[in-house]
Amino acid sequence: MRNFQSTRILDVRVDKVTKIKALEEFSRMVKEPGCSLIVTPNAEIVSAASKTPRLKEIIEDAAMVIPDGIGLIYASKFKGDPIEEKVAGIDFSRAALEICAKEGIKVFFLGSKPGVAEKAAQNIMAEIPGLCVAGWRDGYFKPEQEDEVVAQINESGAEFLCVALGSPKQEIFVIDHKDKLKAKAAVGIGGSLDIWSGTLQRAPQFYIDHGLEWLYRMVQEPWRLKRLPALPMFLIKAAIRR
């Protein structure tokens, strides 16, 4: 049962949760049966979901949809149903890992390039005393290997699964194997493993505080420049479709 309200942006569900509320919900999820999917969409993912029925359905049925992106905050204000705060997926996930450390919950990292998940696990366990990343695997596996990946996750004993396969692949992986996974909660974390491993650097706090983290990422990854026109178009569409 959802203990929070939602809004709709481009007719896609986004939950009106603060970071504190999202972590409270996470703590509840890992104590309940089944595998709860947490989605952390930004404006780009919401825009994609508005045109992709499968992704929209996954978001609609998710246990929690966290507003990760300043574009969603602006769009919610335009439509008169404001989301209180942006909750960056990487910040939520790291705080969730701190909860896991305190409560003895094992974690599994899945995704990114070979070696990245392992390095991320080593770094994050060094930063968070008591955290147990029980297993990891890179994202370079074929569809016919997915059952093998699920078995590896289950054998690790992990109750929290962090999937860094990019959207919508990461969400589809969880939903496709939801009934087989023994993890209590799973979250799509996009490029977080790259940052935790040190492969990429996160934006300085000034960029984060002023909603400019996307700009810093484009400096590090120039190929993202082609996505730049998508944000103003997203806001225009969101303003029109109240």
Side-chain angles (χ1 to χ4, degrees), residues 2-4 6 12-15 17-42 44-46 49 55 58-69 72 86-103 105-112 116-117 120-121 124-125 128 131-139 149-150 153-154 156-178 180-197 202:
R2 298 171 188 164
N3 298 313
F4 43 79
S6 302
V12 175
R13 170 190 160 204
V14 181
D15 294 333
V17 290
T18 61
K19 182 180 176 182
I20 291 174
K21 181 63 177 176
L23 291 171
E24 289 174 353
E25 288 297 311
F26 171 77
S27 294
R28 179 184 61 78
M29 289 174 192
V30 291
K31 294 180 177 68
E32 295 185 346
C35 182
S36 297
L37 172 62
I38 302 165
V39 184
T40 61
N42 56 18
E44 186 176 6
I45 293 172
V46 167
L55 180 56
I58 290 172
I59 291 175
E60 195 67 36
D61 294 339
M64 185 162 57
V65 184
I66 296 173
D68 178 6
L72 300 183
K86 169 192 166 185
V87 184
I90 188 171
D91 292 333
F92 163 80
S93 299
R94 194 187 188 290
L97 293 177
E98 292 176 358
I99 292 174
C100 290
K102 291 176 182 177
E103 300 189 6
I105 296 168
K106 294 181 179 179
V107 181
F108 194 99
F109 286 170
L110 175 64
S112 199
V116 171
I124 209 78
M125 284 192 289
I128 304 176
L131 178 65
C132 176
V133 181
W136 49 80
R137 180 161 179 159
D138 64 61
V149 174
V150 170
I153 295 166
N154 289 342
S156 75
E159 295 177 281
F160 182 37
L161 172 61
C162 297
V163 189
L165 300 175
S167 184
K169 187 176 179 181
Q170 57 198 19
E171 290 81 18
I172 291 173
F173 176 86
V174 174
I175 289 298
D176 282 352
H177 301 287
K178 193 170 182 287
K180 302 175 189 175
L181 285 166
K182 294 181 181 179
K184 300 294 184 65
V187 62
I189 59 172
S192 297
L193 292 183
D194 292 318
I195 292 174
W196 293 341
S197 69
R202 194 177 181 193

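Since the model is a prediction, treat every value here as computed from it, not as a measurement.
Distance check: Leu110 CG to Leu165 CG gives 5.0 Å after rounding to the nearest 0.5 Å. How far CG of Leu181 is from CD1 of Ile153: 5.5 Å, rounded to the nearest 0.5 Å. Between the CE atom in Met125 and the CH2 atom in Trp196 there is a gap of 12.5 Å [rounded to 0.5 Å]. With values rounded to the nearest 0.5 angstrom, Glu159 atom CD is found 10.5 Å from Cys132 atom SG. Distance check: Phe109 CZ to Ser192 OG gives 9.0 Å after rounding to the nearest 0.5 Å. The CG atom of Asp61 sits 7.0 Å away from the CD1 atom of Ile175 when rounded to the nearest 0.5 Å.
Looking at Lys184 and Phe160, their side chains never come closer than 4.5 Å, going by heavy atoms from C-beta outward. Using a 4.5 Å heavy-atom threshold, the side chains of Val133 and Ile124 count as touching. Using a 4.5 Å cut-off on side-chain heavy atoms (C-beta onward), Leu23 and Phe92 make contact. Residues Ile189 and Val163 form no side-chain contact, since every pair of their non-hydrogen atoms from C-beta on lies 4.5 Å or further apart. Side-chain atoms of Ile90 and Ile195, non-hydrogen and from C-beta on, do get closer than 4.5 Å to each other. Between Cys100 and Leu131 there is a side-chain heavy-atom pair separated by less than 4.5 Å. The closest side-chain heavy-atom distance from Pro67 to Val17 is below 4.5 Å. At a threshold of 4.5 Å between non-hydrogen side-chain atoms, the residues Asp15 and Ile66 do not count as touching.
The heavy-atom pair separating Gly190 from Ala164 by the smallest distance is O-CB, 3.1 Å. Nearest heavy-atom pair, Gly188 versus Thr40, reported as atom, atom and distance to 0.1 Å: O-OG1, 3.1 Å. The minimum heavy-atom distance between Gly139 and Lys169, with the atom names listed, is O-NZ, 4.2 Å. Contact record, Phe4 with Ala63: CZ-O, 3.5 Å, taken as the closest heavy-atom pair.
Ser156 places no side-chain N or O within 3.5 Å of a backbone atom of Phe108 that could act as its donor or acceptor partner. For the pair Glu171 (side chain) and Ile58 (backbone), a donor-acceptor distance under 3.5 Å is absent. Judged purely by atom type and a 3.5 angstrom limit, Asp138 has no side-chain atom pairing as donor or acceptor with the backbone of Gly111. Looking at Lys21, its side chain does come within 3.5 Å of a backbone N or O of Asn3 through a donor-acceptor pair. The main-chain N or O of Asn42 is never found under 3.5 Å from a side-chain atom of Asp68 such that the two would form a donor-acceptor pair. Although no hydrogens or angles enter the test, the distance criterion places a donor-acceptor pair under 3.5 Å between the side chain of Ser197 and the main chain of Asp194. Although no hydrogens or angles enter the test, the distance criterion places a donor-acceptor pair under 3.5 Å between the side chain of Asn154 and the main chain of Lys180. Looking only at distances, a side-chain donor or acceptor of Arg13 sits under 3.5 Å from a matching main-chain atom of Ala62.
With respect to Lys102 and Glu98, no salt bridge is recorded, no charged nitrogen being found less than 4.0 Å from a carboxylate O. With salt bridges taken as basic N to acidic carboxylate O contacts below 4.0 Å, one links Glu103 and Lys31. Under 4.0 Å is where a charged nitrogen must lie from a carboxylate oxygen, and between Lys178 and Asp176 no such pair does. Ionic pairing of Arg28 and Glu24 is not present here: no N-O contact between side-chain nitrogen and carboxylate oxygen is shorter than 4.0 angstrom.
Between the side chains of Glu32 and Ser36, no donor-acceptor pair is found at a separation under 3.5 Å.
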- Message: Set out, in order, the CA-CA distance, both residues' side-chain angles and the distance that settles side-chain contact (heavy atoms from CB on, under 4.5 Å) for Met64 and Met29, then state yes or no.
- Response: CA-CA 10 Å; Met64 185 162 57; Met29 289 174 192; 3.7 Å; yes
- Message: Let's go through Leu72 and Lys86 carefully: what are the C-alpha distance in whole Å and the side-chain angles of both, what is the deciding distance for side-chain contact (heavy atoms from CB on, under 4.5 Å) to 0.1 Å, and is it a yes or a no?
- Response: CA-CA 8 Å; Leu72 300 183; Lys86 169 192 166 185; over 6 Å; no
- For the pair Ile45 and Leu55, evaluate side-chain contact (heavy atoms from CB on, under 4.5 Å) and give the outcome as yes or no after the intermediate values. CA-CA 9 Å; Ile45 293 172; Leu55 180 56; 4.3 Å; yes
- Task: Go through the steps to decide whether Trp136 and Val116 satisfy the test side-chain contact (heavy atoms from CB on, under 4.5 Å), and finish with yes or no.
- Result: CA-CA 9 Å; Trp136 49 80; Val116 171; over 6 Å; no
